[in-house]
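Below, read A as the first sequence line, B as the second, and so on, with proteins coming before strands; counting in each chain starts at 1.
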Number of protein chains: 2
Amino acid sequence: MVGLLDSISLTSDRFASVIPLELAVTFMVIRKAIGARPRENRRGAVLDSAARSFALHGYAGTSIRDIAADAGVQPSSLYYFFKSKDELYEAVYERGVEKFLDAVARSMSKSDQPWDRLERAAVAHLEALLEDGDYNTLVANIVPRGDSELDQRLVRHRDRYEAVFFNLIKDLPLPPRTDRKLFRLTFLSALNGVAGWYRDGSMSPGKIATKTVDLFRKQLEPDGERTAR
Amino acid sequence: MVGLLDSISLTSDRFASVIPLELAVTFMVIRKAIGARPRENRRGAVLDSAARSFALHGYAGTSIRDIAADAGVQPSSLYYFFKSKDELYEAVYERGVEKFLDAVARSMSKSDQPWDRLERAAVAHLEALLEDGDYNTLVANIVPRGDSELDQRLVRHRDRYEAVFFNLIKDLPLPPRTDRKLFRLTFLSALNGVAGWYRDGSMSPGKIATKTVDLFRKQLEPDGERTAR
DNA sequence: AATTTTACCTAACGATCGTTCGTTATAATA
DNA sequence: TATTATAACGAACGATCGTTAGGTAAAATT
């Protein structure tokens, strides 16, 4: 409020010397409502809206106009921040990878035991996916096939993250002939698949993650003798 | 060939009485190349092309014109067979569910043991998904959220198939406190996720399915003592 | 032989798509 | 104080979108 009056009193405005202050304020308000805003960067809002729409309706199902409307901005303004729809999509995807990376890194501060480390990572992964949301949904759901230029860049971002689980699983004490690559791919699909059926209120993301890890590690349950081949 | 000449000799064609037979044949050929074909139903071809495109680029990423071009038909012709893009998509999805159902039903003719039955189903599922292809890819990849009318119909088709695994897993001798719902969801995500990383030549679909089932059942491997918590 | 049905076609509708253009008010800098 | 950079805007471009209308020749039916 003070800032608004200040900016009038400095008056680089071409009307200021001709019209009374009351009218100037009116003009300010109109201008504020319609057009140019004072020094405000909507890049973050645009990125958020893009993440939302892309997560909900996919790349092709989301139009530039959808995103712009959601962010309260004109369609053409997106091109001030991003060169193209592809670049915007990549920015969202990359941010999603970083959010995953951060979440998992934070979760693994301590604990040396391999299965515990995997469990912590899984919990962090699922919490990021289901609670934080849109950016991560994109990374979890879209497995780029690598046939377009955009896809190839997406794969590179995704690989950075998958490497984390590669290392986590490398340290796991598994039965000798276990296929660790298949384990990783299967495990990640299982975790990411949760986004497809999770409905708020049923079970907490952390709980789901823990139980999922248990599914993969249950050979040591004390009462495992009920099972048979 | 004989049929072609026959159709000329019956001559309900308005040129037939005016021009010689040679020229009539020429017209036939031209008409064959450009326009109206004799009694040929392209519905199957359209459905195949739709499955292909939808599997490859998704619903929004596929245009009616893409499908028509791939099927060698005019865009408007799709509306002779299907009322709308939505209905075409649903037809593909439904067919995908039926293909899955058939494949799994065929695979389970004998074998009483629960784990073996699940393994057979998994093998059939993955072979259908990775070898047969497009129709199944659609069902595997798209988990409808149920917010549109189309989505709600899709869910109903999908549920018919998931019920099969519900029953398969019900009979499994699992440790007492195992969450069978989570097992099913996780297991199906793991299987369907294979479509995201499978590249021809690495491992056969059947082998992947078998090993995936092993991952979920490995608690009875004889040398499982290497594992620790 | 005349009529109807089938299996398409050509042409076009208005809406929406990603993107570009030129403009403009504010803030930072010289 | 004049200039430049920033953060947008409104209007429009041609392309493409799902869909419809109306036509046409062959086949089936009457």
Classify the ring geometry of A:Tyr89 against A:Phe54: parallel below 30°, tilted from 30° to 60°, perpendicular beyond 60°.
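Aromatic pair A:Tyr89/A:Phe54 classed perpendicular.
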
Parallel, tilted or perpendicular: which describes the rings of A:Phe187 and A:Phe183, with under 30° parallel and over 60° perpendicular?
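Geometry flag for A:Phe183 against A:Phe187: parallel rings.
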
Let me check something: any side-chain donor-acceptor pairs from residues 73-80 of chain A under 3.5 Å, sequence neighbours excluded? List them with distances.
| from | atom 1 | to | atom 2 | distance (Å) |
| --- | --- | --- | --- | --- |
| A:Ser77 | OG | A:Gln74 | O | 3.4 |

Rounding to a whole Å, what distance do you find between [X]:[atom1] and [N]:[atom2]?
X: B:Ile64; N: C:dT16; atom1: CD1; atom2: P; answer: 17 Å
X: A:Asn41; N: D:dC9; atom1: CG; atom2: P; answer: 12 Å
X: A:Asp66; N: C:dA15; atom1: CG; atom2: P; answer: 17 Å

Is a donor-acceptor pair below 3.5 Å formed from side chain B:Ser76 to base C:dT10, judging by atom type as modelled?
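Such a pair is found, so the answer is yes.
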
Cationic tip of A:Arg95 within the cone over A:Tyr135's six-membered ring, i.e. under 6.0 Å and within 45° of the normal?
yes

Heavy-atom contacts under 4.0 Å between residues 79-94 of chain B and DNA chain D, which residues?
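Correct list: B:Tyr79, B:Ser84, B:Lys85.
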
Considering just the side-chain nitrogens and oxygens of [X], establish if one lies under 4.0 Å of OP1 or OP2 belonging to [N].
X: B:Ser63; N: D:dC17; answer: yes
X: B:Gln74; N: C:dT10; answer: yes
X: B:Ser77; N: C:dC9; answer: yes

Residues B:Asp151, B:Arg145: salt bridge by 4.0 Å N-O rule
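Looking at B:Arg145 together with B:Asp151, the answer is no, because their closest N to O distance does not fall below 4.0 Å.
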
Checking B:Asn192 against B:His125: is there a side-chain donor and acceptor pair closer than 3.5 Å?
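Indeed, the side chains of B:His125 and B:Asn192 share at least one donor-acceptor pair under 3.5 Å.
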
Please compare A:Arg65 and B:Arg43 by the position of their nearest nucleotide in DNA chain C and report the one closer to 5'.
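The 5'-side residue here is B:Arg43.
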
